[in-house]
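Counting from 1, the numbers follow the sequence of the chain as shown. Each ligand, and each atom within it, is numbered from 1 in the order the structure gives. Computation of the quantities below employed the complete heavy-atom set of this structure, encompassing side-chain atoms and omitting hydrogens, waters and symmetry-equivalent molecules.
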Amino acid sequence: MRYDRIGLIDQLEMQQILLKEELVYLIANFGEKESRYLFERAAAMRKKNYGTDVYIRGLIEITSYCKRNCLYCGIRAGNQHAERYRLTKEEILECCHIGNELGFKTFVLQGGEDPYYTDELMTDIILAIKKAYPENAITLSLGEKSYESYKMFREAGADRYLLRHETANNEHYNQLHPPQMSGQERKHCLADLKRLGFQFGTGFMVGSPFQTPELLAEDLLFIHEIQPQMVGIGPFIPHHETPFADQQAGSVPLTLFMIGLLRLILPHALLPSTTALGTAEANGRELGILAGANVIMPNLSPLDVRKKYMIYDNKIATGLEAAESLAGLKKSMNAIGYQIVETRGDFKK
Ligand code: SAM
């Protein structure tokens with residue numbers, strides 16, 4: 001069956017979700033013409049809802065220890081060559097201080113699943129950040145936890161939580177993860193986060209091993225079904241100390257096309273133009289914004305630990321202080337007709 005690809009994009013813009021086979025067709029058969037058209041429509045949609053503002057989130061990578069063994073990830077427990085570090089509460093607060101001075105109104109605390117950070121310790125850290133910066137938003141990205149743990153974090157003041165579903169298809173999930181992990185459990189966590197009133201985010205890697213257009217279509221349908229406020233996607237990039245060391249990296253044009261589709265499917269979503277996109281291509285983050293993304297997450301982690309949070313090879317760690325890299329980012333956004341704004345950048349609906 002052949003479909004009119006431009007017509008399918010128009011349908012998405014009119015808020016009609018497509019059938020799985022239509023999405024598969026579009027994903028498997030888009031060319032430059034469709035990309036150009038999609039990015040134009042996605043840019044118009046994001047301008048209607050968010051103007052040309054780009055929100056910034058200060059990313060603090062709090063630990064490179066992880067008890068999980070995701071097959072794609074450089075900080076997986078099984079990687080004995082990974083350099084491990086943990087930030088103390090004081091170091092995290094210092095990152096927040098630097099970020100706040102620079103105009104960051106959201107802090108993202110991300111890390112491997114590290115039992116060192118007990119619920120009590122995390123709660124203490126969240127309370128301390130909220131006390132020092134009551135106007136700022138806190139986003140957590142610490143993996144799978146129990147409902148009770150998420151509830152403690154929420155009650156302590158955490159506003160948002162990022163947990164990529166990685167792939168909506170359970171068989172594919174099992175190809176990317178060890179047997180102890182399950183796609184169902186991941187989805188269960190997302191349901192808990194939603195129920196607790198977090199602004200929640202999900203997402204996936206584009207070009208992960210064994211991924212097909214059918215699986216990407218399932219991802220889009222799953223996202224449409226759960227209606228997250230945020231969706232983070234970036235190309236899969238191999239890490240040399242993982243079982244997927246020899247797999248191909250995800251394609252940048254396909255990642256950009258998926259960002260454009262997501263913008264039309266979730267017109268109000270907060271979509272980051274990710275570090276992985278910036279790693280895969282020098283101007284990847286700018287291209288992500290032009291394809292419909294509206295968030296950038298610059299790194300606020302201390303300089304000496306940045307190279308240790310190596311989830312994939314060559315992850316960009318410029319060695320620039322947060323202030324310098326922010327200045328560069330402001331310039332590069334202005335050059336493409338967008339501007340970084342210093343607000344919390346909450347979901348607008
Ligand atoms: N542990 C938390 C979790 O599982 O959500 C947060 C940290 S985890 C490293 C953040 C994300 O990095 C994952 O959801 C995954 O999609 C992405 N990631 C891991 N390895 C990657 C790779 N090789 N290429 C691209 N992205 C990767």
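Between the side chains of Ser301 and Asn299, at least one donor N or O lies within less than 3.5 Å of an accepting N or O.
Classification of Asp346 and Arg160 as a salt-bridged pair holds, one side-chain N sitting under 4.0 Å from a carboxylate O. Residues Lys130 and Asp159 are paired through a salt bridge, judged by an N-O separation under 4.0 Å between the basic side chain and the carboxylate.
Note: an N/O pair closer than 3.5 Å links Arg164 and ligand 1 by distance alone. The shortest N or O to N or O distance between Leu142 and ligand 1 is not below 3.5 Å. Considering backbone and side-chain N/O atoms, Tyr72 comes within less than 3.5 Å of an N/O atom of ligand 1. At least one N or O atom of Glu166, backbone or side chain, sits closer than 3.5 Å to an N or O atom of ligand 1.
For atom 5 (O) of ligand 1, the nearest protein heavy atom is under 4.0 Å away.
Contact annotation for Tyr309 and ligand 1: only side-chain heavy atoms (C-beta onward) come within less than 4.0 Å of the ligand. Counting heavy atoms under 4.0 Å from ligand 1, residue Arg186 touches it through the side chain alone. At a 4.0 Å heavy-atom cut-off, ligand 1 touches Cys73 through backbone and side chain alike.
When each of Glu61, Gln110, Glu83 is tested with Tyr309 by the rule side chain to side chain donor-acceptor pair (under 3.5 Å), just one qualifies, namely Gln110. Shown are Lys47, Arg263, Arg46; of these, the side chain to side chain donor-acceptor pair (under 3.5 Å) with Asn294 is made only by Arg263.
The aromatic rings of Tyr150 and Phe153 sit perpendicular to each other, their planes meeting at more than 60°, with 30° as the lower class boundary.
Atom 27 (C) of ligand 1 has its closest protein heavy atom at Met205 SD, 3.5 Å. The protein heavy atom nearest to atom 10 (C) of ligand 1 is Gln110 NE2, 4.0 Å.
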Glu135 vs Lys105, salt bridge (Lys or Arg N to Asp or Glu O under 4.0 Å): CA-CA, chis, key distance, verdict: CA-CA 7 Å; Glu135 308 292 318; Lys105 298 293 166 232; over 6 Å; no
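The side-chain heavy atoms of Ile27 and Leu220, taken from C-beta on, include a pair separated by under 4.5 Å. You'll find the side chain of Leu26 stays beyond 4.5 Å of the side chain of Leu38, heavy atoms only.
Distances from atom 1 (N) of ligand 1 to the heavy atoms of Cys70, Cys66, Gly143, Gly111 put Gly111 nearest. In the candidate list Ile311, Thr279, Ile237, Ile311 is nearest to atom 12 (O) of ligand 1, counting heavy atoms.
Heavy-atom separations between Pro238 and ligand 1 are all 4.0 Å or longer. Heavy-atom distances between Gly234 and ligand 1 stay at or above 4.0 Å for every pair.
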